[in-house]
Amino acid sequence: MLKRNALRRALTYLTVSCAVAAVSLVSPAQAQEKVLKVGYMKNVILEASVDMMDTWAKKNGVKLVRIPMAYSIFQEKVTATLTSGNDQFDVIWHNDDWGQLWAKWMATTDDVKGIDRVAKSPLDAFYREDGKLTVVPAAHTVGTFFYRTDLVKPEEVPTTWQEMVDIGQRLQKEGKVKWGYVGGMAMNSTWFSLWWTMWGNKCDIFMPLWERDNKKLAEAGWKPALTEPCTKEYVEFWWDAMNKWKISPESMTAYTRDEANAIFMAGDAAFTLIDSVHFGDFNNPKKSRIAGNVAMAPQPKGPRGEKPFAWNEIWGWGIPKGVPEDRQKLAKEMLGAMLNDIDGQVKMWNETGGPPPSLDAWARLEKESKDFAMLKHAVFDQNVGTHSAYYFPAWPAVHKAYSDTMIGALKGKREDIPKALEAGMDLIHKAANSGQ
């Protein structure tokens, strides 16, 4: 009996000892699962970027948690998270529209592997006051002029506004299209009508023209450029396009990018301008009646334009300051892996039309993809004269004031346009100073 009890005690001691030994062999990293949470707008391009992160995560024993959100709630939700200092997200979608607004709450990304192999100008909106970068590019977002190859030969593509009018009217008379040009014009779709012609006519919203240094803009008194001759010219161009020449629908003042895209994909227009990422939808036979007949070209110039204008901005990723240092380090490793995944970036372009972040991917795609070479000629090789937004706290209010002014002018009489623009001067000036 005593021997049996002694044997039991020995076996129990041996079992416990083995268990303790087994636990001691498990490293802290293995004992506690590594998790990274990514918050972003639900979009196929961002999903493709997260796919590259997920590839790295699976290879490195990290659980990646995707938190996609609708655009309408994304900024408000993430802003609340950043200002509270909590760590609900380890990585967030970081857009140039709010890059400077969020910069002070973001960790630096200057040390992310591969950041030296990206285009530098699109990073301007993402620097903190101490000069530190707060973004890792995910994809480029660039305004691209699209035309129908079944209607217009490459050598016939318009290079000026007047040529766009002439070709559009000809195609209308021939019964080949309902409209020459269609593009978004309502608030948040301003880029695809008013703004590309504004910059293409060497014009802008504030004086000095094409300036994005907030100190210089403040020194100039945040003076709107609405009474400049270049503004009157592009506003009158759109009034004439919709009411006189009728190459664009009169109701275009209310169109978002979605309505304009639908008309273009239905085959009812010859030309449009939209982000290059829509190239995939235009050529998708399940969505578009013009699939296989769409190409890209430089933007037509205004009467003051000397060469085609283009803009080149990015969508990116950022790491909130509130994230613990160990997870910040892990997130940087993951974002660096994404930047250096050239195969993944090529796949992103091929599947979504999202221009990749790495210049190394550009070099490869220019050789492998006729479509990317076409985009590079249409945008990246052209005159990127300024950024497609302003970067200061009151910018959303300015955008709204500008949109209200322009839509009001375009809905009125042509002879009343100067009066409407003069009235908008004070409205935009007050909006610019609302966040000071």
**Request:** I would like to know whether Thr256 and Glu259 meet side chain to side chain donor-acceptor pair (under 3.5 Å); could you show each step before the answer?
**Result:** CA-CA 6 Å; Thr256 67; Glu259 282 85 11; 2.2 Å; yes
If you look only at distance, which donor and acceptor atoms sit under 3.5 Å apart when one is on a side chain in residues 39-51 and the other is two or more places apart or in another chain?
{"residue": "Tyr40", "atom": "OH", "partner": "Glu47", "partner atom": "OE1", "Å": "3.0"}
{"residue": "Tyr40", "atom": "OH", "partner": "Glu47", "partner atom": "OE2", "Å": "3.0"}
{"residue": "Asn43", "atom": "OD1", "partner": "Ile45", "partner atom": "N", "Å": "2.8"}
{"residue": "Glu47", "atom": "OE1", "partner": "Arg66", "partner atom": "NH1", "Å": "2.7"}
{"residue": "Ser49", "atom": "OG", "partner": "Trp317", "partner atom": "NE1", "Å": "2.9"}
{"residue": "Asp51", "atom": "OD1", "partner": "Arg66", "partner atom": "NH1", "Å": "3.2"}
{"residue": "Asp51", "atom": "OD1", "partner": "Arg66", "partner atom": "NH2", "Å": "2.5"}

**Message:** To check you understand the geometry: which heavy-atom pair defines the closest contact between Leu123 and Pro137, and what is its length?
**Reply:**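 That would be CD2-CG, 3.9 Å.
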**Residue pair Arg304 / Lys202: nearest heavy atoms and the distance that separates them** =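 The pair with the smallest heavy-atom distance is O-CD, 3.2 Å.
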Quick check: are there more than 12 heavy atoms from other residues, nucleotides or ligands sitting under 6.0 Å from [atom1] of [X]?
X      : atom1 : answer
Glu306 : CD    : no
Glu174 : CD    : yes
Lys120 : NZ    : yes
Glu368 : CD    : yes
Lys178 : NZ    : no

**Request:** Step by step, work out the side chain to side chain donor-acceptor pair (under 3.5 Å) result for Gln88 and Thr81.
**Result:** CA-CA 7 Å; Gln88 184 177 354; Thr81 299; 3.2 Å; yes
**Request:** Determine which pairs satisfy salt bridge (Lys or Arg N to Asp or Glu O under 4.0 Å) with at least one residue from residues 337-348, sequence neighbours left out, and list them in order.
**Result:**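 For residues 337-348, and leaving out neighbouring residues, the salt bridge (Lys or Arg N to Asp or Glu O under 4.0 Å) pairs sorted by first residue read Asp343-Arg364.
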Ring geometry between [Y] and [X] (parallel below 30°, tilted from 30 to 60°, perpendicular above 60°):
X      : Y      : answer
His140 : Phe380 : perpendicular
Trp195 : Trp191 : perpendicular
Phe237 : Trp245 : tilted
Phe74  : Trp98  : tilted
Phe264 : Phe282 : perpendicular

**Item:** Separation between CH2 of Trp199 and NE2 of His387, rounded to the nearest 0.5 Å
**Value:**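 Those atoms lie 11.0 Å apart.
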**Request:** Check whether any side-chain heavy atom of Trp238 sits under 4.5 Å from a side-chain heavy atom of Met185, and report yes or no.
**Result:**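 Result yes, sub-4.5 Å side-chain heavy-atom pair found.
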**Message:** Quick one, Trp56 and Val62 - any side-chain contact, counting heavy atoms below 4.5 Å?
**Reply:**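 Trp56 vs Val62: side chains touch.
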**Steps toward side chain to side chain donor-acceptor pair (under 3.5 Å) verdict (Trp161, Thr197)** = CA-CA 8 Å; Trp161 298 353; Thr197 49; 5.6 Å; no
**Asked** Please walk me through it: do Lys37 and Asp87 pass salt bridge (charged side-chain N to carboxylate O under 4.0 Å, His left out)?
**Response** CA-CA 9 Å; Lys37 297 164 288 184; Asp87 61 343; 5.2 Å; no
**Message:** Do Arg212 and Tyr390 form a cation-pi contact, if we require the NZ or CZ to be under 6.0 Å from the six-membered ring centre and within 45 degrees of the ring's axis?
**Reply:**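 Judged by the rule, Arg212 and Tyr390 form a cation-pi pair.
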**Message:** Applying ring pair (Phe, Tyr, Trp, His ring centres under 6.0 Å), can you list everything that pairs with Tyr147, at least two apart in sequence or on another chain?
**Reply:**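 Here no residue qualifies.
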**Request:** Using the ring-ring contact (aromatic ring centres under 6.0 Å, His included) rule, pick out the option among Trp210, Tyr234, Phe145, Trp196 that qualifies with Phe309.
**Result:**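 Only one option passes, and that is Trp210.
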**Prompt:** Hey, mind stepping through Val136 and His94 against side-chain contact (heavy atoms from CB on, under 4.5 Å) and telling me if it holds?
**Reply:** CA-CA 8 Å; Val136 174; His94 201 12; over 6 Å; no
**Message:** Set out, in order, the CA-CA distance, both residues' side-chain angles and the distance that settles ring-ring contact (aromatic ring centres under 6.0 Å, His included) for Phe206 and Trp222, then state yes or no.
**Reply:** CA-CA 6 Å; Phe206 289 106; Trp222 293 104; 5.5 Å; yes
**Item:** Criterion side chain to side chain donor-acceptor pair (under 3.5 Å) on Glu163 and Thr159, from CA distance to verdict
**Value:** CA-CA 7 Å; Glu163 289 177 2; Thr159 61; 2.9 Å; yes
